[in-house]
Amino acid sequence: MSAAVDYSDVQGLVRFGFAHMNEAAYLLLRVRNPAAARAWLDQAPVTTAADRSPVPSTALQIAFTHQGLEALRIPQHVIAGFSAEFLSGMAGDANRSRRLGDTGANSPSAWRWGGEGKIPHVVVMLFAEDGQLDTWQQSVATPLFQGAFEEIGRLDTSDLGGREHFGFIDGVSQPQLDWSRARTVSVNGNQLAYGNVVCLGEFLLGYPNEYSRYTERPLLDAGEAGSDELPQAEDQPAKKDLGKNGTYVVIRQLEQDVRAFWQYVDEATKSLHETGYGLAESMVGRRLEDGAPLVPLSQSPVPGVGDAGSAARRRKDVQLNQFTYESDPDGASCPIGAHIRRGNPRTVDLPGHPKGLLAQAFHLLGFGEANLHDDLVASVRFHRILRRGREYGPALSPGEAVQPAPSNDPGRGLHFIALNANIERQFEFVQNAWMARTKFDGLTEESDPLLGNREPVKGCPFTNAFSIPQDGKARKRLVEMPQFVTVRGGAYFFMPGIRALRYLSKTGGA
Amino acid sequence: MDRVPMMPQSNLLVAAPLRAEREAELRALLASMNEAPGRVNPANDILPFEQFAQLHVARLVILEDQTVSDLHLAYGGSAPNYPLILAFLADFDGSADAFRADLAVRAGKGLERIFSCCHGFTAGTDIAQWMKKHETPPATNYINWLGRTVSQVREEDALRLALEDHLQSHASLFAAMGLKETHAALREFMLGEIRAGRLAVTPQPPTPLGWRLHNLLHLVGVPLLLLLLAPLLILYLPIFAIQLRSREKTDPEIAPRVKASYAEELATIEDYDVTNQFTAMGSLKPGLFRRWTLAFLLWALNWTTRHIYTRGQLARVGTIHFARWVFINGRRRLLFASNYDGALETYMDDFINKVGWGLNLVFSNGVGYPSSRWLILDGAKDEQKFKNFLRRHELPTQVWYKAYPGLTAFDLKRNTLIREGIEKSSLPDADLRQWVALF
């Protein structure tokens with residue numbers, strides 16, 4: 001029996017999206033005074049994942065970049081135990097930027113924050129119910145806080161009622177975390193059916209992941225300064241676990257050019273003699289009106305879909321998420337390059353449902369794939385992310401968007417936030433292999449229709465197309481698609497568990 | 001036997017120990033062949049790769065294995081002291097003799113400059129002969145698509161681009177066409193383009209008779225030999241199992257994370273093309289048991305890559321263009337060199353999740369590999385240790401060339417399928433649907 005999760009040691013964002021708190025702001029801070037910062041952190045009103053009644057009306061979450069841990073004077077050998085991506089940072093290495101598609105207009109050198117010289121130490125995330133955010137921030141920003149931190153940026157958010165700026169319902173497909181720790185995975189066996197329940201260790205450090213292993217994180221020897229504060233490492237009982245109940249937070253400020261999007265779609269719709277929002281829906285993979293997927297729902301249930309919450313919530317989840325792309329191998333219903341198909345291709349370890357050991361062995365040896373695209377995409381259970389992003393800037397309807405922009409058109413977009421235990425295998429993999437790559441699932445000359453940077457790829461004539469396969473006919477293809485989303489900032493943070501936060505607030509040197 | 005005529009690919013690996021005092025000079029010379037790190041100048045005047053119409057991929061790499069003392073650390077004994085080796089690898093169409101002769105003619109001077117940094121090369125040496133003398137054959141060699149030549153790759157790519165262009169510029173016409181009409185219209189367009197000399201679909205020359213005989217002999221010979229040896233192998237199997245398990249239980253793992261600076265050195269030369277090179281090296285675990293096990297396995301694997309995995313896939317992996325496993329230093333060390341599509345992380349993901357068993361089969365005979373059971377279980381499934389192990393054994397490749405940047409192995413497969421389909425005047429309905437979906 002695995003030990004139960006101590007919710008009171010986990011920051012609440014891992015378990016809740018704080019959806020009822022429709023106001024939020026993320027404060028990007030640099031440590032001005034380490035001692036004061038530690039003192040504030042020690043008594044910071046951090047919201048945990050424990051159930052509370054009544055539900056709180058405000059929340060606060062804290063995460064650190066590796067520069068932040070250094071600013072707090074956490075010992076170097078402890079910091080060195082974090083993952084290589086975290087230690088390098090989102091913008092710290094041109095090779096990483098190349099892999100993430102952060103080139104051209106997305107280059108970190110042009111970022112508003114997160115690039116060289118503009119890297120925050122700490123992000124303090126504030127959430128509040130309607131009208132309460134200002135008061136909440138004032139109560140957080142005590143004189144101690146002011147002395148401890150310098151605010152180098154503030155990411156405001158806006159509530160678009162569950163839709164993102166292009167107008168689509170957002171954030172509806174999330175992995176279901178295995179909080180009860182009931183899920184077991186076979187190390188050498190293959191999962192043959194898609195499921196939405198994912199091992200806790202994919203999102204929280206200190207628990208087994210989808211490989212049945214504990215992801216690398218800083219472990220301290222018992223007796224090391226401050227280690228008494230920390231829980232025991234489950235896999236190495238002699239060690240204290242700084243990662244336990246913590247996670248990595250990826251924040252990216254994604255500016256959306258809503259006008260360019262709808263103007264492009266409008267033109268393409270006319271030139272292809274189409275009507276309505278069909279082209280935009282093909283690019284996304286869901287209907288604009290209700291978010292329903294373009295592929296038909298599966299007859300059989302998907303584990304982890306529609307099995308939690310109220311009856312209405314279950315029904316909704318089934319309508320939005322009980323599907324895979326098995327019934328649509330050529331993409332005639334939902335284009336292979338559609339945004340949600342790239343983001344979560346709903347693939348399994350071994351496709352084709354081989355029955356029996358012999359059939360499995362046959363597939364393992366690479367035989368028996370019926371369709372051209374079978375087995376091109378990695379199994380998705382190793383590449384899930386938990387999304388907690390929020391929009392910013394004023395809404396713009398498709399009708400308004402096709403009008404010329406006023407001279408003072410405000411910026412709008414998404415503060416993309418992803419939680420994961422292994423940045424390289426989860427966020428970076430999805431961003432590199434599925435979103436940015438022009439060769440995803442056998443496609444060519446196209447990256448993600450929404451997120452792609454359209455930058456040239458050596459040897460390819462262009463990268464700005466989007467193919468829409470047709471049943472019984474040649475494909476339609478959108479071409480010369482401009483860049484709709486530009487990265488304006490970003491960083492990798494570590495969001496510690498509550499005990500780890502206490503360690504961080506007590507341990508730093510002078 | 002495949003009756004379609006074809007020109008099979010060949011490969012070579014020239015390996016020679018470096019003169020220590022010339023190492024810096026060689027590194028500078030190799031660097032001068034690149035426009036920037038990781039980006040070769042295909043027209044460089046040392047070895048102008050692009051002039052070799054038969055050349056698919058090539059690399060020059062200094063085999064500097066930073067894990068060479070692992071053997072000593074893990075098992076004691078004296079630390080081996082290998083000289084650095086310069087390796088030149090190439091995969092090309094046609095025979096090695098013809099390629100070597102071509103190299104001598106077009107790049108003789110440049111190769112002389114390179115190889116004069118190695119022991120055993122003196123000015124005036126016949127370069128082709130010298131290379132032949134310093135060649136090491138692979139224990140296992142993998143070719144993504146047997147007999148697909150560089151010129152075929154180029155013709156098929158031009159064909160697809162022309163067809164896509166035609167589809168695009170006549171989109172409203174094609175929108176009203178069914179599958180059969182679409183195929184017919186594209187075929188008619190292609191035939192017109194061929195007549196106008198704007199496209200070419202050149203038939204392959206007849207398969208060399210010598211190669212066919214040799215291949216047939218190999219196809220039949222290996223299973224025959226295994227059949228003959230079967231009684232002995234079966235008798236030995238229980239002993240083998242005991243020997244294997246006792247070692248697997250005690251062999252130490254050496255898989256720390258690589259230094260950030262080393263990871264950066266490797267990453268700096270990756271992800272410019274849609275394809276990357278991968279060169280890795282390591283020592284075999286000590287003793288004859290591992291040496292003979294691995295030699296036997298690679299010999300058997302080579303039969304599968306030669307006769308089974310010849311059209312687009314190595315087991316479940318369809319992203320490798322060319323790969324080989326080569327014994328170095330009398331089967332004490334193994335070199336693995338491949339050309340794969342995507343980023344290293346996706347490559348390793350395929351390794352672990354699709355062919356972990358196959359990786360274990362081979363690399364678990366190497367020092368420090370994550371613990372495996374029964375030669376195929378666990379091992380690579382210890383994801384982070386395995387990735388650390390691979391990165392630690394990976395070597396920076398000084399010069400790497402691929403003849404068709406921008407094209408993945410899947411692109412090549414799709415283009416071939418497009419060409420095969422359009423060459424036929426009509427396709428059955430089921431094939432027609434799949435063919436039109438190729439665009």
Side-chain angles (χ1 to χ4, degrees), chain A residues 84 87-88 93-96 98-99 187-188 190 209-213 215-216 271-273 329-332 349-350 363-366 369 371-372 375-376 378-379 382-383 422 424-425 428-429 432-433 437-439 442 444-445 457-461 467 469-477 479, chain B residues 39 161 164 167-168 171-172 174-179 182 186 257 260 263-264 267-268 270-274 309 313-318 341-343 345-346 349-350 352-357 376-378 381-385 404-408 410-411 413-414 417 433-434 436-439:
Chain A
L87 296 179
S88 172
D93 172 6
N95 304 314
R96 167 164 291 100
R98 194 162 66 245
R99 285 197 299 275
V187 171
N188 292 295
N190 285 296
N209 60 25
E210 284 288 321
Y211 288 105
S212 218
R213 303 276 173 182
T215 303
E216 289 173 0
S271 72
L272 289 178
H273 311 291
D330 293 327
D349 295 1
L350 191 60
H363 278 250
L364 272 181
L365 292 171
E369 302 312 334
N371 297 293
L372 191 66
D375 216 9
L376 294 184
S379 179
F382 304 107
H383 309 288
N422 186 331
E424 183 175 50
R425 172 160 64 76
E428 288 190 350
F429 186 102
N432 165 264
R437 189 160 168 81
T438 59
K439 304 290 182 176
T444 185
E445 291 137 15
V457 169
K458 192 177 159 195
C460 296
S467 302
Q470 305 290 310
D471 193 27
K473 273 192 277 193
R475 92 288 180 279
K476 286 180 190 160
R477 203 174 203 206
V479 293
Chain B
R39 280 154 288 177
L161 288 173
E164 289 279 9
L167 276 170
Q168 199 61 28
S172 46
F174 280 100
M177 278 186 211
L179 297 168
T182 302
L186 287 174
R257 197 200 288 174
E264 194 181 334
T268 300
E270 288 170 359
D271 301 317
Y272 297 99
D273 183 18
V274 296
Y309 297 118
Q313 264 176 270
L314 178 54
R316 289 178 65 196
V317 177
D341 298 324
E345 177 71 13
T346 58
D349 186 88
D350 273 359
I352 298 167
N353 299 325
K354 289 184 170 174
V355 285
W357 59 272
I376 55 170
L377 299 177
D378 300 349
K381 296 286 180 181
D382 199 339
E383 179 232 357
Q384 287 192 299
K385 267 189 203 157
Y404 24 86
L407 293 175
T408 62
F410 184 85
D411 288 331
K413 173 179 179 171
R414 183 195 48 230
L417 295 177
R433 178 170 296 275
Q434 293 207 344
V436 172
L438 292 170
F439 294 95

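Reminder, nothing fancy here: chain letters follow the sequence lines and each chain counts from 1. Computed from a predicted structure; not experimentally measured.
- Per-residue heavy-atom pair counts under 4.5 Å with chain A were compared for B:Leu407, B:Asp378, B:Asp273, and the maximum is reached by B:Asp378.
- For chain A, the option among B:Val436, B:Val355, B:Val274 with the highest count of heavy-atom pairs below 4.5 Å is B:Val274.
- B:Ala267 touches chain A through backbone and side chain together, each having a heavy atom under 4.5 Å away.
- The contact between B:Tyr272 and chain A is made by backbone and side chain atoms together, counting heavy-atom distances below 4.5 Å.
- Interface summary for chain B: among A:Lys476, A:Arg475, A:Lys458, A:Glu445, the most heavy-atom pairs under 4.5 angstrom belong to A:Arg475.
- The minimum heavy-atom distance between A:Lys473 and B:Met177, with the atom names listed, is CG-O, 3.1 Å.
- Chosen from A:Asn432, A:Leu350, A:Val457, A:Asp93, the residue pairing most often with chain B at heavy-atom distances under 4.5 Å is A:Leu350.
- Per-residue counts of heavy-atom pairs under 4.5 Å with chain A were compared for B:Gln434, B:Arg414, B:Arg433, B:Glu345; the largest is that of B:Glu345.
- For a residue to count as touching a neighbouring chain, one of its non-hydrogen atoms must lie under 4.5 Å from one of that chain's; by this rule B:Ile352 touches chain A with the side chain only.
- Of all heavy-atom pairs between A:Arg99 and B:Asp271, the closest is CG-OD2, 3.2 Å.
- Contacts of B:Lys413 with chain A are made by side-chain atoms alone, with heavy-atom separations under 4.5 Å and no backbone atom involved.
- Options B:Ser172, B:Gly178, B:Ala343, B:Pro405 differ in how many heavy-atom pairs under 4.5 Å they form with chain A, and the most are formed by B:Pro405.
- At least one donor-acceptor pair under 3.5 Å links the side chain of B:Gln313 to the backbone N or O of B:Ala315.
- There is no side-chain donor-acceptor pair under 3.5 Å between A:Thr215 and A:Asn422.
- In terms of modelled atom types and a separation under 3.5 Å, the side chain of A:His383 and the main chain of A:Arg425 share a donor-acceptor contact.
- A donor-acceptor distance shorter than 3.5 angstrom exists from the side chain of A:Arg98 to the backbone of B:Glu270, with no hydrogens or angles considered.
- Side-chain contact check for B:Asn353 and A:Tyr211: at least one donor-acceptor pair (N or O, by modelled atom type) lies under 3.5 Å.
- For B:Ala263, no part sits under 4.5 Å from any heavy atom of chain A, backbone or side chain.
- A donor and an acceptor atom, one from each side chain of B:Asp411 and B:Thr408, are located under 3.5 Å apart.
- Both the backbone and the side chain of A:Arg477 come within contact range of chain B, with heavy atoms under 4.5 Å apart.
- For the options A:Thr444, A:Leu87, A:Asp330, heavy-atom pairs under 4.5 Å to chain B are most numerous at A:Thr444.
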Determine, stepwise, if the pair A:Phe382 / A:Asn209 fulfils side-chain contact (heavy atoms from CB on, under 4.5 Å).
CA-CA 9 Å; A:Phe382 304 107; A:Asn209 60 25; over 6 Å; no

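- Of the two parts of B:Thr182, only the side chain, counted from C-beta on, holds a non-hydrogen atom closer than 4.5 Å to a non-hydrogen atom of chain A.
- Using a 4.5 Å cut-off between heavy atoms, B:Leu417 touches chain A through its side chain atoms alone.
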